[in-house]
Number of protein chains: 2
Amino acid sequence: MNPYKYMKNAIIVGQYKPGTRLTEKALADELQVSRTPIREAIKQLEVDGLITPYKKRGYVVKSFSIEDIRQIYNVRALLEGYATGEAAVMRTEEDLERIAAKNTAYRQAIEAVDRENIETIQYIQQINQQFHSEILFAARNDHLKALIERVVVVPIIFRSFYWYDERQLMRSLQVHETILQAIRHRESDRARVAMQEHIYQGRDDVIEALQKQNILQDE
Amino acid sequence: MNPYKYMKNAIIVGQYKPGTRLTEKALADELQVSRTPIREAIKQLEVDGLITPYKKRGYVVKSFSIEDIRQIYNVRALLEGYATGEAAVMRTEEDLERIAAKNTAYRQAIEAVDRENIETIQYIQQINQQFHSEILFAARNDHLKALIERVVVVPIIFRSFYWYDERQLMRSLQVHETILQAIRHRESDRARVAMQEHIYQGRDDVIEALQKQNILQDE
DNA sequence: AAATATCATACGGTATACAATAGGTCAATA
DNA sequence: TATTGACCTATTGTATACCGTATGATATTT
């Protein structure tokens, strides 16, 4: 695994926590490579907005306020809503089948969920991402796709923050169904709105979970 | 000027034309630095989407098809429209004054335009950019701002492709007025729509100019 | 003449040595 | 005790040498 992917993953899974200081030397030692490839990775992570320079002495992993998260999710809702609307117009039959397949997989994953087993939840998240990816592909707009992939990094970091309860999972499934049907019937506007709602829901779940956690920290 | 800025500018002003092959060595010689800072700049330009790897032997400056340009402008209209709507809600009195000031400057620049003098046209473009920047600032969403700044690079490259005629300039001014008024009266939706229209107009002007040029090339 | 194999080399990938500098420490002074 | 200044060091910035490899040219074979 190259340094960029390694470090990005480390940030996403929380191995490098927000506020962690990163220096080229330390990273080079950890990944057993020289500073050159590390510098490269750092530059990329910087434009990704995942790390930020720390007074000319290395970098720190960015931390996100609740307001940051709200803004990011709002932009994501805008972009991914638009993409979904476009997908409803541009999709081929094959696109539709692939999206439908992910939706079926999603339903099955939810039916098979086992709260004792974290992997079943991670699997749901994974299928969910694939559903979104298929829609993005069907929208046939590479620039839009690239932009969304950038915006989506932070939501991915925080995806482990919401442990859907049964009710949330079912609601999420229903919205997926709605989106699929709207794309099927080429109802662009409805597809857009349903996706936006889906993402706003995710936003609120994350924010709620974060606020609960903060309260716990204060006590 | 650091290598990244230098190269980015060179691409924007057309010094490195689309399709130009770039090698680390050649760039290092040209900029009188070693390969290390060049590599750094190249990595950043790559994530900017301005250059692209050329079969494991260096990079080429990306070229954009008309379809690319259409997609990019559409995404820009979406994002900047949203930002303008947000600005109408979030703006302070000071924001409003700054936006109004840019608008006044814009009107004066248009009145003073001299078709024989290219600088007066460049000046209009510059003020136009500042008008957009002020609105972006007033929207108070850093993530949105960062995203738009990325999307806007390609439109900047192509900005010299449209030589507004008198009619276009006046229309452009009128839309600016509309946007300003909508922001003033906190009419979010109207602000959004007016900005979108403004950008779509720019899109069509660029595409028209490019198509005319292609016809000339074919002959 | 076409297809394949061989090889040289151009070029990016990596490591590392050296240079520049910001920031903190500690001592000297007010 | 507070403030200034000098110096040390941690850490990034840059240059460069070496390594690995894909590409394209050349030669060889059919």
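These values consider heavy atoms only, across backbone and side chains, with no hydrogens, waters or symmetry-generated copies. In what follows, every chain begins at residue 1, and chains take the letters A, B, ... in the order their sequences are listed.
Listed by chain and number, the residues in a side chain to side chain donor-acceptor pair (under 3.5 Å) with A:Lys5 amount to none (sequence neighbours excluded). Contacts of B:Gln126 classified as side-chain contact (heavy atoms from CB on, under 4.5 Å), with partners at least two apart in sequence or in another chain: B:Tyr123, B:Gln130. For A:Arg150, the salt bridge (charged side-chain N to carboxylate O under 4.0 Å, His left out) test picks out A:Asp48, with sequence neighbours left out.
In this structure, A:Ile38 atom CD1 and D:dT11 atom P are separated by 15 Å, rounded to whole Å. The distance from atom CG of B:Asp29 to atom P of C:dA10 is 14 Å, rounded to the nearest whole Å. Residue B:Ile51 contributes atom CD1, which lies 11 Å from atom P of C:dG12 at whole-angstrom precision. At whole-Å resolution of the value, CD in B:Glu24 and C1' in D:dT16 are 13 Å apart. We find that CG of A:Leu27 is positioned 16 Å from C1' of C:dT14, with the value rounded to whole Å. Per the geometry, CD belonging to A:Glu40 stands 16 Å off C1' belonging to D:dT14, to the nearest Å. In this structure, the CD1 atom of A:Ile42 is 10 Å from the C1' atom of D:dT12, given to the nearest Å. Distance CD (B:Gln32) to P (D:dT14): 15 Å, rounded to an integer number of Å.
Taking CD of B:Glu40 as the reference point, atom CZ of A:Arg39 lies at 5.0 Å (rounded to 0.5 Å).
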Identify each atom pair where a protein N or O and an N or O of nucleotides 18-20 of chain C are less than 3.5 Å apart, giving names and distance.
none

Report each atom pair, protein N/O against N/O of nucleotides 21-23 of chain D, whose distance is under 3.5 angstrom.
from: D:dA22; atom 1: N3; to: B:Arg57; atom 2: NH2; distance (Å): 2.6

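For D:dT12, neither phosphate oxygen OP1 nor OP2 lies less than 4.0 angstrom from any side-chain nitrogen or oxygen of A:Arg39. Listed pair A:Ser34 / C:dA15 meets the phosphate criterion, a side-chain N or O lying under 4.0 Å from OP1 or OP2.
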Residues 200-210 of chain A side chain polar contacts: donor-acceptor under 3.5 Å, at least two apart:
from: A:Arg203; atom 1: NH1; to: A:Asn74; atom 2: OD1; distance (Å): 2.7
from: A:Asp205; atom 1: OD1; to: A:Gln168; atom 2: NE2; distance (Å): 2.9
from: A:Asp205; atom 1: OD2; to: A:Gln168; atom 2: NE2; distance (Å): 3.3

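Taking the six-membered ring for Trp and thresholds of 30 and 60 degrees, B:His143 and A:Phe64 have ring planes inclined between 30 and 60 degrees apart.
Using a 3.5 Å distance cut-off with no hydrogens or angles, the side chains of A:Glu67 and A:Gln71 do pair a donor with an acceptor.
Using a 4.0 Å cut-off between charged nitrogen and carboxylate oxygen, A:Asp142 and A:Lys145 do not count as a salt-bridge pair. Salt bridge present: B:Arg140 and B:Asp95 bring a charged side-chain N and a carboxylate O closer than 4.0 Å.
Among the nucleotides C:dC11, D:dA15, C:dA15, the one closest to any side-chain atom of A:Pro37 is C:dA15.
Among the protein residues, A:Thr36 comes within range of the nucleic acid bases, having at least one heavy atom under 4.0 Å from a base atom.
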